[in-house]
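Proteins get letters first, then strands, A, B, ... in listed order; numbering begins at 1 in each. Side-chain atoms are counted along with the backbone in the values below, which use heavy atoms only and exclude waters and symmetry mates. Note that the coordinates shown come from a computational prediction; the quantities given were computed from them, not determined experimentally.
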Protein chains: 2
Amino acid sequence: MELRLFRYCVAVAEEASFTRAAARLRIAQPALSRQIKAVENEIGFALFQRGLRGVTLTEPGRVLIASARTVLAEAEAAVQKARRAGRGELGLLRIGFTASASFNPFVTGAIRDFRTTYPDVEVELIEEATSFLLERFATGRLDVAFLRPAPGEVDHLLSQRAVAEPLVVAMPSGHKQAGRKSVSLASLADDAFILYPRPNGRALFDSIVSACQAAGFSPKILQVAPQLTSVVNLVATGIGVSIVPRSMAQVSTDGVVYRPLIHAPQAEITLVRRNQPEPRSAVLFAELVRSRASRPAEMLPDAADDRRTASRKAPRPSRRKPGKSTRTRRR
Amino acid sequence: MELRLFRYCVAVAEEASFTRAAARLRIAQPALSRQIKAVENEIGFALFQRGLRGVTLTEPGRVLIASARTVLAEAEAAVQKARRAGRGELGLLRIGFTASASFNPFVTGAIRDFRTTYPDVEVELIEEATSFLLERFATGRLDVAFLRPAPGEVDHLLSQRAVAEPLVVAMPSGHKQAGRKSVSLASLADDAFILYPRPNGRALFDSIVSACQAAGFSPKILQVAPQLTSVVNLVATGIGVSIVPRSMAQVSTDGVVYRPLIHAPQAEITLVRRNQPEPRSAVLFAELVRSRASRPAEMLPDAADDRRTASRKAPRPSRRKPGKSTRTRRR
DNA sequence: GAGACCCATACCTCCAGGGTATGGAGAGGC
DNA sequence: GCCTCTCCATACCCTGGAGGTATGGGTCTC
């Protein structure tokens, strides 16, 4: 059974006449008669009651035509949906980001912006360490990602600068420098540094270490925190200080204060995406990020909003559509 | 776009290979390649990412295949449903009956029985006077009906005897014969008779009149009741008596008593159906009625059940399926 | 009874879907 | 490094079935 036959049946039913239906279908009446007969043979029952003034539907005819209409409509809809998917307006986009990027209002704002601009694209959020994100790219399990790549780490992928933010010091509130308005790296030469493992995020690790070396010392590293958020908690215990991207200051933990660094190095967040079988939605996302990046942060209402609400209880009043979901994965 | 192309796309997606899919579809691989390419041209985007070891779906491909599967399944289901409709197991059956027949447990039992046996046949119940039912047959707006035809009235239709029941007297409870166990027609010679208009039901009217004449008198007819149920209410007012089918005794109204007639005439209910473009479900219904009619009433659990519950508040605990409905029309 | 209308049958045409042969490109084995 | 295998694409040919024309049969209308 082919859709053509469904179309013919519907036409005959609507015109209540083989002759008129054939005219509408731009085929000859005998051809139509034969095709309808073929359908009736396949069904095993007459679909039309041939009368003297046209035809009427039999009961199986009524039932078939009712279904045929929906089948035809859905077939057409399937093609349209595929086209939309081709344009990137519909489908699935897997967005990865590192824990440190997830606190950046530019990143969260871009994702939210994308979801409202393209509501039919299902967004899957994947928070993982840079190394795992890159592994996902290699195996095709990720479309775009915000991360902080080390030099050369993403040469095989398309990448574009998304946003930069200065690093700040996170220190116990009882630290001797805690009273200062800003802190120089050199003054932390004797402190223990809490960082997370270098393999999980080479770029940030290396830039912190090299900034210290530029300030004239090699940091004493207590490399114990698996997650970025646990770094802050460890700082709160007083065992050491840390250097984190400024947006981490949103995580206001009792016993931790954040202070700007004098001559602070910038930590860049890069948007990376696959280049070979690249879904169009990833291109749309990259374009959206690019246009956001070209605007100053103050002009981004979402980002500003994000910063204000970040420390509150429900930072994101997500009114999600039924049927659409934003899945989030963490390791 | 034809279903064949959907089938091809699904096969390629499932096999992840043009070669294997072609083998499964029993066509040559180049033919399949060409057809898929045609689809991709129509969509405007590649559906498959050609790799070295087979192919993978692109995003528009994923979207199309997901829809294609449901379209294919529904197309197949449409054919199956039409076949079922042809066998009478699915569709619409319009069952008519007169008011007097609607009180007969055989009739209601048969309808209920049909609904449980063929749950996918939507039953439309139409309660109208015999004359209107016959008019509906003439214009094809009815499939089967329970009625009491006058001689020759249904010769152009298929008809079969369904059930017979004796006539009984309905009289005011203060009537002088009310105390008797059974009543002879002759003893009612001086009473006024409440009947409904002859054109609405010639058969019953005529059989009552001729029974009276056989008993030696012409009834004085107060012909004022448009509905059968109002006959009973009028009897309750004390202005006269009536002769009704025994199953009407279910309508227990204060002030009315029913008494068997001595040598009571039988009132037959006939099942009538169209013969020309007859839906198969009407045949199934007629067969069901025929098999019920061949069994004695005592062996019909539904009928017995019906009689017991008829005078209660909710005579029919209709647990109807969602989506299916039993429509009822009255004039 | 002639004409109109409508669907069915008979027979012919032609193109699209399918087949065979072959090419090209990358992966893997020796 | 070359051969081979795998897999998809291209080129070209063939055939079945969809579609066209001519015509017939039945019924209603005028």
Could you tell me if the side chain of A:Ile65 sits less than 4.5 Å from the side chain of A:Leu57, heavy atoms only?
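Yes. Closest side-chain heavy atoms under 4.5 Å.
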Sequence neighbours excluded, every pair satisfying side-chain hydrogen bond (donor to acceptor under 3.5 Å, both in side chains) that has a member inside residues 29-39 of chain A
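Checked against side-chain hydrogen bond (donor to acceptor under 3.5 Å, both in side chains) - neighbours excluded - the pairs reaching residues 29-39 of chain A are A:Arg4-A:Gln35, A:Gln29-A:Ser33.
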Pair listing, side-chain hydrogen bond (donor to acceptor under 3.5 Å, both in side chains) test, anchored in residues 58-69 of chain B, at least two apart
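Listed by first then second residue: B:Glu14-B:Arg69, B:Glu59-B:Arg62.
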Can you see which heavy atom on A:Arg274 is nearest to which on A:Leu157, and at what distance?
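Reported closest heavy-atom pair: CA-CD2, 4.0 Å.
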B:Pro279 to B:Asp143 - nearest heavy-atom pair and separation
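Closest pair (atom of B:Pro279, atom of B:Asp143, distance): CG-OD1, 3.5 Å.
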I'd like to check the side-chain contact (heavy atoms from CB on, under 4.5 Å) partners of [X]; sequence neighbours left out, ordered by chain and number.
X        : answer
B:Thr117 : B:Asp113, B:Leu288
A:Gln160 : A:Leu271, A:Arg273, A:Ala286, A:Val289, A:Arg290
A:Tyr118 : A:Phe114, A:Val121, A:Leu284

Check nucleotides 26-30 of chain D against the protein and report each pair of N or O atoms closer than 3.5 Å, with its distance, or say if there are none.
none

Do NZ/NE/NH1/NH2 and the carboxylate oxygens of A:Arg24 and A:Glu15 come within less than 4.0 Å?
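Counted as a salt bridge, because a side-chain N and a carboxylate O are separated by less than 4.0 Å.
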Do the charged groups of B:Arg94 and B:Glu124 touch, with an N to O distance under 4.0 Å?
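Here B:Arg94 does not pair with B:Glu124 in a salt bridge, since their nearest N and O are not under 4.0 Å apart.
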To the nearest Å, give me how far apart CD1 (A:Ile27) and P (D:dA18) are.
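Between P of D:dA18 and CD1 of A:Ile27: 11 Å.
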Can you list everything that forms a salt bridge (Lys or Arg N to Asp or Glu O under 4.0 Å) with A:Glu153? Sequence neighbours excluded, please.
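Listed in chain order: A:Arg202.
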Span of DNA chain C in contact with chain B (heavy atoms, under 4.0 Å)
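Range of nucleotides touched by chain B: C:dG17 to C:dA27.
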So, do A:Tyr8 and A:Phe18 have ring centers that fall under 6.0 Å from each other?
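No, too far apart.
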Which ones in [range] lie close to DNA chain D, meaning a heavy atom under 4.0 Å from one of its atoms?
range                     : result
residues 1-26 of chain A  : A:Arg4, A:Tyr8, A:Arg26
residues 30-45 of chain A : A:Pro30, A:Ala31, A:Arg34, A:Gln35
residues 59-67 of chain A : none

Scan the side chains in residues 71-82 of chain A for donor-acceptor partners under 3.5 Å anywhere in the protein, sequence neighbours excluded, and list what turns up.
residue	atom	partner	partner atom	Å
A:Glu76	OE2	A:Gln80	NE2	3.0

Report the C-alpha separation of A:Thr270 and A:Arg148 in whole Å, then their side-chain angles, then the decisive distance to 0.1 Å, and conclude whether the side-chain hydrogen bond (donor to acceptor under 3.5 Å, both in side chains) test is met.
CA-CA 6 Å; A:Thr270 303; A:Arg148 307 178 197 269; over 6 Å; no
Going from OG1 on A:Thr19 to CG on A:Leu32, what distance comes out if it is rounded to the nearest 0.5 angstrom?
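A:Thr19 atom OG1 to A:Leu32 atom CG measures 9.0 Å (nearest 0.5 Å).
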